[in-house]
Amino acid sequence: MRQAVSHTSIPTLPSTPSLVAGEHDRRALLAALTFIDKPPRSAPALAGWFEKHLVRPGWMRRPTHVTEAFSLPVSLGPAAPAGADEPELQEIVEAARYRVLASLRAFMPPAADDRFLTAAIAGARVRRAGNPALWEPCPREDEQLGDIVLSLFAADILSHRAFHDAYLCVCKTCLRIDFDPSRSGRTGCPEHEPTATVNVMRRGRPPA
Ligand SMILES: [Zn+2]
């Protein structure tokens with residue numbers, strides 16, 4: 001439980017200076033990437049992720065249950081017998097994770113479908129932060145897990161759209177997230193070549 005969310009070494013975290021320089025608050029992106037790269041597999045791990053990444057920054061009240069799509073809510077509380085709902089919880093986490101990645105894949109060129117951003121705004125899952133150019137997540141605790149994670153991505157993308165348009169990569173084949181389009185384009189990964197037309201025709205070379 002203590003170890004489950006304590007790691008901060010995330011393999012896909014970009015080394016791009018603008019992200020690690022600390023000039024902007026990128027905690028929402030870090031929270032989202034942590035969920036994607038190290039999906040919490042148990043109620044205590046998921047509760048810990050919420051606590052560290054959403055409750056403590058003041059973005060969300062502590063949830064007692066999680067749900068996704070048509071699943072019944074699964075308890076995160078200490079009253080739940082250890083491991084009782086673990087298969088259900090893992091299904092929720094996997095379904096949420098897949099829905100988030102599918103939304104990000106659709107956000108890649110050439111479609112550049114950013115409807116999840118307008119949905120996050122319309123659903124009041126993001127709000128303007130102190131600096132009016134920046135956004136922060138504010139999901140409600142009864143919302144679907146996928147929408148909560150998407151609100152984290154949405155807040156960072158709304159705040160740093162140019163960064164994501166230049167660097168965010170989602171492999172069309174395996175949905176891997178990366179931030180280095182110089183290697184495999186924005187829709188490939190080291191193991192899967194991107195579609196040539198997408199990267200050559202639409203994006204060309206990313207800015208240095
Ligand atoms: Zn791939």
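As the structure is a computational prediction, the values presented were derived from the model and not from experiment. Sequential numbering from 1 along the given sequence is applied to the chain's residues. In listed order, ligands and their atoms are each counted from 1.
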Trainee: For the residue pair Glu86 and Ser42, what are the closest heavy atoms and their distance?
Mentor: OE2-CB, 3.5 Å
Trainee: So, for Arg99 and Gln144, which heavy atoms are closest and what is the spacing to 0.1 Å?
Mentor: NH2-OE1, 3.3 Å
Trainee: Does a side-chain N-to-carboxylate-O contact under 4.0 Å join Glu136 and Arg127?
Mentor: yes
Trainee: More than 12 foreign heavy atoms under 6.0 Å from CZ of Arg128: is that the case here?
Mentor: yes
Trainee: By residue and atom, what protein N/O/S atoms are less than 2.8 Å from the Zn ion (ligand 1)?
Mentor: Cys171 SG, Cys174 SG, Cys189 SG, His192 ND1
Trainee: Any idea which heavy atoms bring Pro40 and Trp49 closest together, and the distance?
Mentor: CG-CB, 4.0 Å
Trainee: Would you please name every residue forming a salt bridge (Lys or Arg N to Asp or Glu O under 4.0 Å) with Arg97, sequence neighbours left out?
Mentor: none
